[in-house]
Amino acid sequence: MCCARRRPHRGSACAILIRAAWFSRIRSAIGEPPLDGEAPRSGGGGAPASGEDAASHGAIVNDGASHPLSHAARDSSPIEGERGGYQFDVPLLDGDHVTDDAGTGFVHTAPGHGADDFVIWTKHFGQEGIPFTVDAEGKLTNQAPGFEGLEIIQLEGKNLGKDGPANKAVIEALIAAGALLARGQLKHQYPHSWRSKAPLIFRNTPQWFIALDKPFRDGKTLRQIALSEIERVDWGQHRWGAHKDYNRIKGMIEDRPDWLVSRQRAWGVPLAIFVRKSDGALLMDDAVDARIVDAMKQGGADVWWATPAQDFLGNDYKAEDFEKVEDILDVWFDSGSTHAFVLGDRDAPTRASFKNPEGVIYLEGSDQHRGWFHSSLLESCATRGRAPYDAVLTHGFAMDEEGKKMSKSVGNVVEPQKIAQQNGIEILRLLIASAEYGDDLRMGKTIIDQASETYRKLRNTLRYLLGALNGFEESERLPKGEETPLLERWLLHRLYELDGIVRKAYETFQFREAVSAIVEFCNVDLSAFYVDVRKDALYCDAPASVRRRACRSALDEVFSRLTAWLAPILPFTAEETWATRFPSEPSVHLRLFPETPAAWRDDFAGEEMARLREARAVVTGALEVARREKLIGAALEARPLVFVADESLRACLEAIDFAELCITSGINIKAGEAPADAFRLSETPGVAVVIEKAPGVKCARSWKYFDPASADPRYPDITPRDAEAVAAWDARHGAPLDARCGPVHKPGHGALWSFHLGNRVCARSDQQMAGAGRAEIQPARLPRGGGELPLPGNFPDLRSAHGLEPWHQLWPVPRR
RNA sequence: AGGCCCGUAGCUCAGUUGGUUAGAGCACACGCUUGAUAAGCGUGGGGUCGACAGUUCAAAUCUGUCCGGGCCUACCA
């Protein structure tokens, strides 16, 4: 893309390309004969004038000198004496640029005078009879008899840019002739250089064109080839049925006039052609061409100007018989030719020579329909008979928060660099990846803050996964099988579904579909449901428990995919996460998206979990009411009574641990009629919930309420499940239980108490144990970018004693 | 002025061949939790689908007009 925007290099291959000579020169205004030196496929002699045609593009010289009164008579010699040559009719034409409410609707036409007049004239008369009254120097020519050599605008000295002598001379001549009816000054803005602000004038001048409607290749015209290539290329219409880019380029190619390729500029790539002075024929001679090509290979495109014509012409032609055309080539031709050196077939370009094994996609802003996409298409269709790309992807433009274009004078410019500095480049990437980039993109505080929050959610999820997977080993892995709980079957099924969505999204460049699917998965499936439910197993189950192993195995697959799927959008975050867990592995960016086994597809688990979650929503709704009524605080304080009318749903609920899903201490599922005041949701008829307080005592470890009579005598204040885990842990570490679970079993034993939760070690102070507070080993404030976890100063032994590994290694990003 | 587009909640987006009460996430408010804590969970409010007119039993969806916005219509890339 960038090459399309760069200034052309003079040494590029473009000058060689155009020697194919499928372009021609138009000089009809001075009645030149058709150029018989042209190749058969050249054309454009009768090119319609239009916005891209000669007269409309003049830059240097004023139209003032080609005042109608100064026109040469069309049917007589242009010069008839000192003040002669001005006796002719000026046609009055019906022009679109003059309306009948602002005037008569008719134009007193001066085709050498300006673009509109040129267009209306050529519509009626072709290019016959249009004089060239101004030369390249900005001076009147001999076709303005009596005023030859006068400057329109002064090009040098202290009055640079001011009126030259021509204007005054013409006015004086009109006065002398008694033909001046009125005079006055009008200030207007239009003809100024957009860049230098210098005044401009129009002039008409001979130009070179590439014909679009002349058959040249298998009897087809350039326009026909380009149009059929537009059908082949994927502008989005094949990928996702979006026709906007296809419509736009197609309309442009259908309607455009011949390609004006010559420019009167001091710099650029020369057309590098000779025209015979006697008849205007283009010199087509392989030996001459070879000399030009060789010289350019040696010295770049500048040699065209630096080398005498005779050196190129050799012994067969005389320099004085030829005009060495010094016009340069339209710079679009340069960028349109980029494929020639990128794809490397410039020596013998043909359709077959085009090397694009992987397919070629052009990516640029949607303004390039008029630019790079366009010129590349025409140039390549002419030289290779095919478009240089197989697909085109466009994007819109960055607007301000209101959707208005950014402008320095309005002061609504949002600079990407600032977002990168203030919020981080990943946020900007995420913002763009989640937007419909084909349309315009609004930039402002709201959307940046939003992307920021989304990023934090993703980062936090990854951070949690790192903690949850700390120490995960292959021996722990539980591949999907008969032992796999429904919850994990469902999670793998979700990964299977996501795999399809994400792959398709990337393949079709619909990045926001990948982002929204991933973000929604993290929020809705992982954070609000799966992880919330599985925290109990993760923290409290014994490491060998099937449930915990299934959970960690599934989370490992989640980790593997999330890091890969996010890598293209959040390259640094994905790498940081990956490297934190696998410091010796190659970069995350060298991975492919992990293959997802088809066996993970589990429609039964998907449907079953959908029903369960619907029923769960009724329970959480009921819990919310109980909470408002101060019956409970945490959900674990409740034991809901769930009335289920539908038998199959009831079986479904009973087949699994529904309390686990609802994160309550037990649950009672009943078939009978629910009390009238039971909680119901209109979306889920047939389910009604009454919240009861959970009986029993609170487990010191898992916080679940349980019947103390069921407790292991060795661990009276924790549930049997927790007792099993603690016993296993202690057996493995060979240390007395109460040394680490002191606060649980022997309050007041010391200043610090530790106990373990799954693979983690937690600690509390006496005060905290006595009071309500509970202090886990807090992740300390670390500089961004991570680092070693420094434990609080009073915990040094704890860490070494228990082999505590830092698991908060991916640090949160401060909210801004 | 013409060509190609865009307009659904405060924001980013879904919304199938027209068919239940227009959805999701974020944001916001309230509550819970304090073992993801610069975190986490729950509940809730919020939309005359840019406006108007038409076609239809039925329109965010089809048609027309208008309003607002963008790109292009450069001897800028």
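Residue numbering restarts at 1 for every chain, and letters A, B, ... go by the order of the sequence lines.
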Exercise. Where the side chain of A:K404 is concerned, which of B:G40, B:G69, B:C71 is the nearest nucleotide?
Worked result: B:G69
Exercise. Of all the choices, B:A14, B:A27, B:A36, which nucleotide is nearest to the side chain of A:R512 once you look at every atom?
Worked result: B:A14
For this session: Quote, to the nearest angstrom, the C1' distance that separates B:A22 from B:C41.
Result: 28 Å
For this session: Could you tell me whether A:Q450 contacts a base, only the sugar-phosphate backbone, or nothing, with contacts defined as non-hydrogen atoms closer than 4.0 Å?
Result: base
Exercise. Is the aromatic ring of A:Y464 within stacking range of B:G40, meaning centres under 5.5 angstrom and planes under 30 degrees?
Worked result: no
For this session: Look up atom CD in A:Q368 and atom OH in A:Y362, then write down how far apart they are to the nearest 0.5 Å.
Result: 11.5 Å
For this session: Kindly indicate whether a cation-pi arrangement holds for A:R512 with A:Y437, taking the cut-offs as under 6.0 Å to the six-membered ring centre and within 45° of the axis.
Result: no
For this session: For B:A60 versus B:G18, give the span between their P atoms, rounded off to a whole number of Å.
Result: 13 Å
For this session: Could you check whether A:G371 gets within reach of a base, just the sugar-phosphate, or nothing at all, counting any heavy atom under 4.0 Å?
Result: nothing
Exercise. Rounding to the closest angstrom, what is the interatomic distance between B:C6 and B:G50 at atom C1'?
Worked result: 11 Å
Exercise. Which of the following nucleotides, B:A14, B:C71, B:C5, is nearest to the side chain of A:E436?
Worked result: B:A14
Exercise. How close or far is atom P of B:A74 from atom NE2 of A:H374, stated in whole angstroms?
Worked result: 12 Å
Exercise. Checking only heavy atoms, does the side chain of A:R248 share a donor-acceptor pair with the base of B:C71 at less than 3.5 Å?
Worked result: yes
Seminar exercise, completed: Of the candidates B:G70, B:G35, B:C4, the side chain of A:C540 sits closest to B:G35
For this session: May I ask you to say what A:G633 touches in the nucleic acid, namely base, sugar-phosphate or nothing, with a heavy-atom cut-off under 4.0 Å?
Result: sugar-phosphate
For this session: Could you check whether A:K250 gets within reach of a base, just the sugar-phosphate, or nothing at all, counting any heavy atom under 4.0 Å?
Result: nothing
For this session: Measure from the side chain of A:K535, starting at C-beta and using heavy atoms only, and say which of B:G40, B:C5, B:C11 lies closest.
Result: B:G40
Problem set entry | Nucleotide nearest A:E520 (side chain, heavy atoms from C-beta), chosen from B:U37, B:G35, B:G25 | B:G25
Problem set entry | Selection from B:U12, B:C5, B:G70 that lies nearest to any side-chain heavy atom of A:R442 | B:U12
Problem set entry | Distance-only donor-acceptor test, A:Q264 side-chain atoms vs B:C75 base atoms, 3.5 Å | yes
Problem set entry | Opposite nucleotide pairing with B:A53, Watson-Crick or G-U, both atom distances under 3.5 Å | B:U63
Seminar exercise, completed: Ranking B:C5, B:C71, B:U73 by distance to the side chain of A:N247, first place goes to B:C5
Problem set entry | Distance, P atom - from B:G7 to B:C62, rounded to whole angstrom | 11 Å
Exercise. With sugar-phosphate meaning primed atoms plus P, OP1 and OP2, does A:S434 contact a base, only sugar-phosphate, or nothing at under 4.0 Å between heavy atoms?
Worked result: sugar-phosphate
For this session: Determine the contact category for A:T454: base if any of its heavy atoms lies under 4.0 Å from a base atom, sugar-phosphate if only primed atoms, P, OP1 or OP2 are that close, otherwise nothing.
Result: nothing
For this session: Can you tell me, in whole Å, how much space there is between the P of B:U61 and that of B:U16?
Result: 11 Å
For this session: Give one of base, sugar-phosphate or nothing for A:E513, where a contact means two heavy atoms less than 4.0 Å apart.
Result: nothing
For this session: Using both distances under 3.5 Å as the test, list the Watson-Crick or G-U wobble partner of B:A1, or none.
Result: B:U73
For this session: Sugar-phosphate atoms are those with a prime plus P, OP1 and OP2; base atoms are the rest. Using that split, label each nucleotide of nucleotides 41-46 of chain B B, S or - for protein heavy atoms under 4.0 Å, 5' to 3'.
Result: SBS---
For this session: Rounded to whole angstrom, note down the C1' distance from B:A24 over to B:A14.
Result: 7 Å
Exercise. With a non-hydrogen cut-off below 4.0 angstrom, is A:V524 in contact with a base, only sugar-phosphate, or nothing?
Worked result: sugar-phosphate
